[in-house]
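Proteins get letters first, then strands, A, B, ... in listed order; numbering begins at 1 in each.
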2 protein chains.
Amino acid sequence: MTKAVKIYLFKMDNLGNTIRKLREAKELPLRTVAAYLDIDQAILSKIERGQRKINRDQVIRLAQYFEVKEETLLVSWLSDKLVYELEDEELALKALQVAEEKIKYTTLKPKK
Amino acid sequence: MTKAVKIYLFKMDNLGNTIRKLREAKELPLRTVAAYLDIDQAILSKIERGQRKINRDQVIRLAQYFEVKEETLLVSWLSDKLVYELEDEELALKALQVAEEKIKYTTLKPKK
DNA sequence: ATATATTTTGACAGCTTTTGTCAAAAATAG
DNA sequence: CTATTTTTGACAAAAGCTGTCAAAATATAT
(Lines give C-alpha, C1' and ligand atoms only; values in the text may rest on other atoms or scores of the structure.)
Protein backbone atom coordinates (compact mmCIF):
# COMPACT_ATOMS: atom_id res chain seq x y z
CA MET A 1 0.00 0.00 0.00
CA THR A 2 1.25 3.43 -0.93
CA LYS A 3 0.10 6.71 0.46
CA ALA A 4 -2.40 8.78 -1.48
CA VAL A 5 -0.81 12.20 -1.61
CA LYS A 6 -1.85 14.99 -3.87
CA ILE A 7 1.22 16.01 -5.79
CA TYR A 8 1.64 18.87 -8.18
CA LEU A 9 4.21 18.45 -10.91
CA PHE A 10 6.14 21.43 -12.17
CA LYS A 11 6.38 21.53 -15.92
CA MET A 12 9.77 23.23 -15.87
CA ASP A 13 11.31 20.50 -13.74
CA ASN A 14 13.55 18.09 -15.48
CA LEU A 15 12.46 14.49 -15.39
CA GLY A 16 14.90 13.59 -12.64
CA ASN A 17 13.39 16.10 -10.25
CA THR A 18 9.92 14.93 -11.13
CA ILE A 19 10.80 11.34 -10.41
CA ARG A 20 12.26 12.29 -7.09
CA LYS A 21 9.16 14.22 -6.15
CA LEU A 22 6.93 11.34 -7.12
CA ARG A 23 9.03 8.87 -5.21
CA GLU A 24 9.29 11.01 -2.08
CA ALA A 25 5.58 11.74 -2.16
CA LYS A 26 5.05 8.03 -1.72
CA GLU A 27 7.90 7.75 0.74
CA LEU A 28 9.58 5.01 -1.18
CA PRO A 29 13.31 4.37 -0.94
CA LEU A 30 15.44 4.31 -4.07
CA ARG A 31 15.83 0.59 -3.53
CA THR A 32 12.17 -0.11 -4.10
CA VAL A 33 11.73 1.89 -7.27
CA ALA A 34 15.08 0.76 -8.61
CA ALA A 35 14.08 -2.85 -8.07
CA TYR A 36 10.90 -2.24 -9.99
CA LEU A 37 12.92 -0.82 -12.88
CA ASP A 38 15.43 -3.61 -12.47
CA ILE A 39 18.39 -1.30 -12.11
CA ASP A 40 20.86 -0.59 -9.32
CA GLN A 41 19.72 1.99 -6.82
CA ALA A 42 22.91 3.93 -7.47
CA ILE A 43 21.76 4.48 -11.01
CA LEU A 44 18.33 5.66 -9.98
CA SER A 45 19.97 8.07 -7.57
CA LYS A 46 22.01 9.44 -10.44
CA ILE A 47 19.03 9.57 -12.77
CA GLU A 48 17.11 11.66 -10.26
CA ARG A 49 20.01 14.07 -10.03
CA GLY A 50 20.55 14.22 -13.77
CA GLN A 51 23.87 12.40 -13.77
CA ARG A 52 22.66 9.41 -15.71
CA LYS A 53 20.29 8.95 -18.59
CA ILE A 54 17.02 7.11 -18.40
CA ASN A 55 15.64 5.31 -21.40
CA ARG A 56 12.23 5.37 -23.00
CA ASP A 57 11.06 2.06 -21.58
CA GLN A 58 12.01 3.06 -18.08
CA VAL A 59 10.11 6.32 -18.42
CA ILE A 60 7.01 4.45 -19.46
CA ARG A 61 7.32 1.99 -16.62
CA LEU A 62 7.67 4.83 -14.14
CA ALA A 63 4.56 6.50 -15.48
CA GLN A 64 2.62 3.32 -14.82
CA TYR A 65 4.25 2.84 -11.45
CA PHE A 66 3.47 6.34 -10.25
CA GLU A 67 0.15 6.47 -12.03
CA VAL A 68 0.81 9.60 -14.03
CA LYS A 69 0.14 10.06 -17.71
CA GLU A 70 2.79 8.53 -19.92
CA GLU A 71 2.69 11.63 -22.06
CA THR A 72 3.64 13.85 -19.16
CA LEU A 73 6.82 11.98 -18.42
CA LEU A 74 7.69 11.31 -22.04
CA VAL A 75 7.44 14.97 -22.96
CA SER A 76 9.58 15.85 -19.97
CA TRP A 77 12.13 13.20 -20.98
CA LEU A 78 12.24 14.28 -24.61
CA SER A 79 12.43 17.96 -23.83
CA ASP A 80 15.26 17.30 -21.39
CA LYS A 81 17.16 15.62 -24.16
CA LEU A 82 16.59 18.58 -26.46
CA VAL A 83 17.69 21.05 -23.81
CA TYR A 84 20.79 18.97 -23.21
CA GLU A 85 21.57 18.93 -26.91
CA LEU A 86 21.30 22.70 -27.01
CA GLU A 87 23.16 23.58 -23.86
CA ASP A 88 25.42 26.60 -24.22
CA GLU A 89 24.17 27.22 -27.75
CA GLU A 90 23.22 30.79 -28.38
CA LEU A 91 21.20 29.68 -31.37
CA ALA A 92 19.13 27.30 -29.27
CA LEU A 93 15.81 29.04 -29.77
CA LYS A 94 16.31 29.47 -33.48
CA ALA A 95 17.26 25.84 -33.81
CA LEU A 96 14.12 24.80 -31.94
CA GLN A 97 11.96 26.84 -34.26
CA VAL A 98 13.57 25.45 -37.37
CA ALA A 99 13.31 21.93 -35.99
CA GLU A 100 9.62 22.52 -35.45
CA GLU A 101 9.20 23.68 -39.02
CA LYS A 102 11.14 20.71 -40.31
CA ILE A 103 9.02 18.26 -38.39
CA LYS A 104 5.79 19.88 -39.49
CA TYR A 105 7.09 19.95 -43.03
CA THR A 106 8.05 16.30 -43.22
CA THR A 107 4.90 15.24 -41.43
CA LEU A 108 2.82 16.93 -44.08
CA LYS A 109 4.89 15.54 -46.88
CA PRO A 110 5.80 11.98 -45.91
CA LYS A 111 8.84 10.93 -47.89
CA LYS A 112 8.45 8.45 -50.75
CA MET B 1 39.47 30.25 -58.51
CA THR B 2 35.92 29.15 -57.82
CA LYS B 3 32.89 29.98 -59.86
CA ALA B 4 30.55 32.70 -58.72
CA VAL B 5 27.15 31.10 -58.85
CA LYS B 6 24.02 32.44 -57.25
CA ILE B 7 22.75 29.71 -55.01
CA TYR B 8 19.54 29.60 -53.03
CA LEU B 9 19.55 27.53 -49.88
CA PHE B 10 16.41 25.77 -48.80
CA LYS B 11 15.71 26.15 -45.12
CA MET B 12 14.03 22.76 -44.87
CA ASP B 13 17.06 20.95 -46.25
CA ASN B 14 19.17 19.09 -43.80
CA LEU B 15 22.74 20.25 -43.50
CA GLY B 16 24.07 17.43 -45.65
CA ASN B 17 21.97 18.45 -48.60
CA THR B 18 22.98 22.05 -48.16
CA ILE B 19 26.65 21.17 -48.14
CA ARG B 20 26.23 19.14 -51.28
CA LYS B 21 24.47 22.00 -53.01
CA LEU B 22 27.16 24.44 -51.98
CA ARG B 23 29.89 22.10 -53.11
CA GLU B 24 28.29 21.30 -56.43
CA ALA B 25 27.55 24.94 -57.10
CA LYS B 26 31.28 25.49 -57.03
CA GLU B 27 31.94 22.29 -58.92
CA LEU B 28 34.33 21.02 -56.34
CA PRO B 29 35.00 17.32 -55.87
CA LEU B 30 34.58 15.74 -52.45
CA ARG B 31 38.34 15.37 -52.35
CA THR B 32 38.94 19.09 -52.28
CA VAL B 33 36.47 19.99 -49.58
CA ALA B 34 37.39 16.93 -47.55
CA ALA B 35 41.04 17.92 -47.68
CA TYR B 36 40.11 21.36 -46.42
CA LEU B 37 38.28 19.79 -43.49
CA ASP B 38 41.11 17.33 -43.04
CA ILE B 39 38.87 14.29 -43.27
CA ASP B 40 38.61 11.40 -45.70
CA GLN B 41 36.44 12.04 -48.72
CA ALA B 42 34.44 8.96 -47.84
CA ILE B 43 33.34 10.64 -44.65
CA LEU B 44 32.33 13.82 -46.41
CA SER B 45 30.32 11.75 -48.84
CA LYS B 46 28.52 10.18 -45.93
CA ILE B 47 28.02 13.50 -44.19
CA GLU B 48 26.36 14.91 -47.28
CA ARG B 49 24.01 11.95 -47.39
CA GLY B 50 23.28 12.03 -43.67
CA GLN B 51 25.08 8.81 -42.83
CA ARG B 52 27.70 10.40 -40.65
CA LYS B 53 27.71 13.21 -38.17
CA ILE B 54 29.56 16.44 -38.63
CA ASN B 55 30.86 18.36 -35.67
CA ARG B 56 30.55 21.98 -34.70
CA ASP B 57 34.04 22.99 -35.78
CA GLN B 58 33.60 21.43 -39.17
CA VAL B 59 30.33 23.27 -39.67
CA ILE B 60 32.01 26.55 -38.88
CA ARG B 61 34.89 25.85 -41.22
CA LEU B 62 32.48 25.01 -44.01
CA ALA B 63 30.62 28.26 -43.48
CA GLN B 64 33.85 30.14 -43.95
CA TYR B 65 34.86 28.00 -46.88
CA PHE B 66 31.60 28.48 -48.74
CA GLU B 67 31.19 32.05 -47.57
CA VAL B 68 27.78 31.65 -46.00
CA LYS B 69 26.74 32.89 -42.59
CA GLU B 70 27.92 30.68 -39.76
CA GLU B 71 24.52 31.05 -38.18
CA THR B 72 22.78 29.59 -41.19
CA LEU B 73 24.74 26.37 -41.11
CA LEU B 74 24.83 26.11 -37.33
CA VAL B 75 21.06 26.43 -37.05
CA SER B 76 20.68 23.80 -39.74
CA TRP B 77 23.12 21.54 -37.92
CA LEU B 78 21.48 21.98 -34.54
CA SER B 79 17.96 21.57 -35.85
CA ASP B 80 19.01 18.39 -37.65
CA LYS B 81 20.23 17.02 -34.35
CA LEU B 82 16.94 17.88 -32.71
CA VAL B 83 14.93 16.30 -35.48
CA TYR B 84 17.09 13.20 -35.21
CA GLU B 85 16.52 13.04 -31.48
CA LEU B 86 12.76 13.22 -32.06
CA GLU B 87 12.43 10.84 -34.96
CA ASP B 88 9.38 8.62 -34.75
CA GLU B 89 8.17 10.39 -31.63
CA GLU B 90 4.54 11.36 -31.77
CA LEU B 91 5.16 13.85 -29.00
CA ALA B 92 7.85 15.62 -30.97
CA LEU B 93 6.07 18.94 -31.31
CA LYS B 94 5.01 19.02 -27.69
CA ALA B 95 8.55 18.22 -26.62
CA LEU B 96 9.89 21.05 -28.78
CA GLN B 97 7.50 23.50 -27.21
CA VAL B 98 8.35 22.44 -23.69
CA ALA B 99 12.05 22.56 -24.50
CA GLU B 100 11.57 26.11 -25.71
CA GLU B 101 9.84 27.06 -22.49
CA LYS B 102 12.55 25.43 -20.45
CA ILE B 103 15.28 27.27 -22.27
CA LYS B 104 13.52 30.59 -22.00
CA TYR B 105 12.87 29.88 -18.35
CA THR B 106 16.43 29.06 -17.41
CA THR B 107 17.80 31.89 -19.51
CA LEU B 108 15.73 34.36 -17.54
CA LYS B 109 16.65 32.79 -14.24
CA PRO B 110 20.28 31.75 -14.51
CA LYS B 111 20.97 29.12 -11.88
CA LYS B 112 23.19 29.96 -8.92
C1' DA C 1 33.06 2.31 -75.97
C1' DT C 2 37.07 3.35 -73.39
C1' DA C 3 39.48 5.84 -70.26
C1' DT C 4 39.44 8.92 -66.41
C1' DA C 5 37.60 11.05 -62.51
C1' DT C 6 34.39 10.98 -58.85
C1' DT C 7 31.45 8.97 -55.55
C1' DT C 8 29.76 5.27 -52.73
C1' DT C 9 30.19 1.22 -49.99
C1' DG C 10 31.56 -1.81 -46.36
C1' DA C 11 35.01 -3.85 -43.47
C1' DC C 12 38.11 -2.73 -40.04
C1' DA C 13 40.63 -0.93 -35.80
C1' DG C 14 41.10 2.44 -32.25
C1' DC C 15 38.96 5.49 -29.32
C1' DT C 16 35.28 7.47 -26.53
C1' DT C 17 31.04 7.18 -24.29
C1' DT C 18 27.58 4.75 -22.00
C1' DT C 19 25.94 1.21 -18.85
C1' DG C 20 25.67 -1.52 -15.00
C1' DT C 21 27.95 -3.47 -10.56
C1' DC C 22 29.80 -2.93 -6.39
C1' DA C 23 31.27 -1.40 -1.90
C1' DA C 24 32.58 2.29 0.95
C1' DA C 25 31.51 6.95 2.52
C1' DA C 26 28.21 10.36 3.62
C1' DA C 27 23.87 11.89 4.99
C1' DT C 28 19.42 11.26 7.21
C1' DA C 29 15.98 9.26 10.37
C1' DG C 30 14.62 7.07 14.58
C1' DC D 1 24.26 5.89 18.76
C1' DT D 2 22.10 2.64 15.39
C1' DA D 3 19.81 1.63 11.37
C1' DT D 4 18.50 3.06 6.99
C1' DT D 5 18.98 5.54 2.91
C1' DT D 6 21.56 8.05 -0.37
C1' DT D 7 25.68 9.37 -2.75
C1' DT D 8 30.16 8.66 -4.63
C1' DG D 9 33.78 6.80 -7.31
C1' DA D 10 36.33 2.95 -9.25
C1' DC D 11 35.87 -0.54 -12.39
C1' DA D 12 34.78 -3.55 -16.50
C1' DA D 13 31.78 -4.69 -20.29
C1' DA D 14 29.08 -3.14 -24.01
C1' DA D 15 27.82 0.04 -27.35
C1' DG D 16 28.73 3.79 -30.28
C1' DC D 17 31.60 6.95 -32.87
C1' DT D 18 35.63 8.20 -35.95
C1' DG D 19 38.69 7.81 -39.32
C1' DT D 20 41.25 4.75 -42.89
C1' DC D 21 41.34 2.14 -46.70
C1' DA D 22 40.50 -0.11 -51.05
C1' DA D 23 37.27 -1.98 -54.12
C1' DA D 24 32.90 -1.30 -56.49
C1' DA D 25 29.77 1.67 -58.63
C1' DT D 26 28.66 5.72 -61.03
C1' DA D 27 29.38 9.73 -63.81
C1' DT D 28 32.07 12.53 -67.19
C1' DA D 29 34.75 13.29 -71.16
C1' DT D 30 37.02 12.05 -75.42
**OP:** Could you go through the side-chain contact (heavy atoms from CB on, under 4.5 Å) check for B:Leu82 and A:Glu100 one step at a time?
**Re:** CA-CA 9 Å; B:Leu82 300 182; A:Glu100 189 169 329; over 6 Å; no

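Put simply, the side chain of B:Ser76 reaches to within 4.5 Å of the side chain of A:Lys102, judged on heavy atoms. Between A:Tyr65 and A:Thr32 the shortest side-chain heavy-atom distance falls below 4.5 Å. B:Leu93 places a side-chain heavy atom less than 4.5 Å from the side chain of B:Leu96.
The shortest distance between the side-chain N/O atoms of B:Arg49 and the OP1/OP2 oxygens of C:dT8 is below 4.0 Å. Checking the phosphate oxygens (OP1, OP2) of C:dT8, no side-chain nitrogen or oxygen of B:Arg52 falls inside 4.0 Å.
As a whole-Å value, the separation of B:Arg31 CZ from C:dT7 C1' is 11 Å. If you measure from atom CD1 of A:Ile43 to atom C1' of C:dT19, you get 6 Å, rounded to the nearest angstrom. One atom, CG of B:Leu28, and another, P of C:dA5, lie 17 Å apart when rounded to the nearest Å. Distance A:Gln58 CD to C:dT18 C1': 13 Å, rounded to the nearest Å. For the pair A:Gln51 CD and C:dT19 P, the computed distance is 14 Å after rounding to whole Å. Distance A:Leu30 CG to C:dA27 C1': 13 Å, rounded to the nearest Å.
Between A:Asp38 and A:Gln41, the one whose closest nucleotide on DNA chain C sits nearer the 5' end is A:Asp38. The residue among B:Asp40 and A:Asn55 whose nearest nucleotide of DNA chain C is located toward the 5' end is B:Asp40.
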Result block: side-chain N/O donor-acceptor pairs under 3.5 angstrom for residues 34-49 of chain B, not counting sequence neighbours:
residue	atom	partner	partner atom	Å
B:Asp40	OD1	B:Ala42	N	2.8
B:Ser45	OG	B:Arg49	NE	3.4
B:Ser45	OG	B:Arg49	NH2	2.8
B:Glu48	OE1	B:Arg20	NE	2.6
B:Glu48	OE1	B:Arg20	NH2	2.7
B:Glu48	OE1	B:Arg23	NH2	3.0
B:Glu48	OE2	B:Arg23	NE	2.7
B:Arg49	NE	B:Ser45	O	3.2

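B:Glu71 CD to A:Glu90 CD: the interatomic distance, rounded to the nearest 0.5 Å, is 9.5 Å. In this structure, the separation between CG on B:Leu22 and CG on B:Leu9 is 5.0 Å, given to the nearest 0.5 Å.
Side-chain proximity of B:Arg23 to C:dA11, C:dT7, C:dT21: nearest is C:dT7.
Across all strands shown, A:Lys53 has heavy atoms under 4.0 Å from sugar-phosphate atoms exclusively, and none from any base. Nucleic acid contact for B:Glu24: none, since no nucleic acid atom lies under 4.0 Å from a heavy atom of the residue.
Mapping heavy-atom proximity under 4.0 Å, the span of DNA chain D touched by chain B runs 5' to 3' from D:dC17 to D:dC21.
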